[in-house]
2 protein chains.
Amino acid sequence: MKYTVAITIALKKGMLDPEARAIRHALQNLGFPTEDLSTARLFKIALDAADADAAREVAGQICERLLANPVIHRYTIEVE
Amino acid sequence: MKYTVAITIALKKGMLDPEARAIRHALQNLGFPTEDLSTARLFKIALDAADADAAREVAGQICERLLANPVIHRYTIEVE
């Protein structure tokens, strides 16, 4: 069966995020002050799998082997 | 009141996405074939606003003025 998995990859808490810092600074200058801003990557991938659990398992392998760096990233997987 | 807005910014349909293409190719080589893969950026921003509608309005301005390029990007806003 076909499943779509949504994978969100973000930096672990405590990792420096210079992009978020630059955006927060730019927003401040534009008149939109914010105390908290985080960035993440979102991937939607169509997968063939026997069931939703199998799709989640494949998505986890995709994160571990390609998309995420386990030293600095955390990821979440949603099967749609 | 404090709101967190989740802004998702993706390429419009039909725009070339070389990153998605490269990832699809790498997944093929790793044994995870997929016919459809899309990428997007996710921003979570804490905003002070009178109500959820006002927070959504501010998030829209942030997209238009800073985060998105309206020629190539589409964006969605969720207020949490």
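Chain letters run A, B, ... following the sequence lines, proteins first and then strands; every chain starts at 1.
Hydrophobic clustering of Ile, Leu, Val, Met, Phe, Trp and Tyr side chains at less than 4.5 Å, counting indirect connections, unites B:Met15 with B:Val71. The hydrophobic cluster containing A:Tyr75 does not contain A:Leu11, counting ILVMFWY residues as joined when their side-chain heavy atoms lie under 4.5 angstrom apart, directly or transitively.
Atom-to-atom distance recorded for A:Leu42:CG and B:Ile9:CD1 is 12.0 Å, nearest 0.5 angstrom. Taking CD1 from B:Ile62 and CD1 from A:Ile23, the interatomic distance works out to 10.0 Å, rounded to the nearest 0.5 Å. Distance CG/A:Asn29 to CG/B:Leu66: 10.0 Å, rounded to 0.5 Å.
Contacts between A:Ile7 and chain B at a heavy-atom distance below 4.5 Å are absent for every atom of the residue. Only the side chain of B:Thr8 has a heavy atom closer than 4.5 Å to any heavy atom of chain A.
Under a cut-off of 6.0 angstrom, the local environment of CD in A:Glu80 is crowded, with over 12 non-hydrogen atoms contributed by other residues, nucleotides or ligands.
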Next item on the list: Quick one: do A:Ile45 and B:Leu27 satisfy side-chain contact (heavy atoms from CB on, under 4.5 Å)? Show the steps, please.
Entry: CA-CA 10 Å; A:Ile45 307 177; B:Leu27 288 179; 4.2 Å; yes
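Across A:Gln61, A:Arg41, A:Arg24, the residue that shares the most heavy-atom pairs under 4.5 angstrom with chain B is A:Arg41. The candidate with the highest count of non-hydrogen atom pairs below 4.5 Å against chain B, out of A:Asp48, A:Leu47, A:Leu30, is A:Leu30. For chain A, the option among B:Lys44, B:Arg65, B:Lys2 with the highest count of heavy-atom pairs below 4.5 Å is B:Lys44.
Of the possible donor and acceptor atoms, none in the side chain of A:Thr39 sits under 3.5 Å from a partner among the backbone N and O of B:Phe43.
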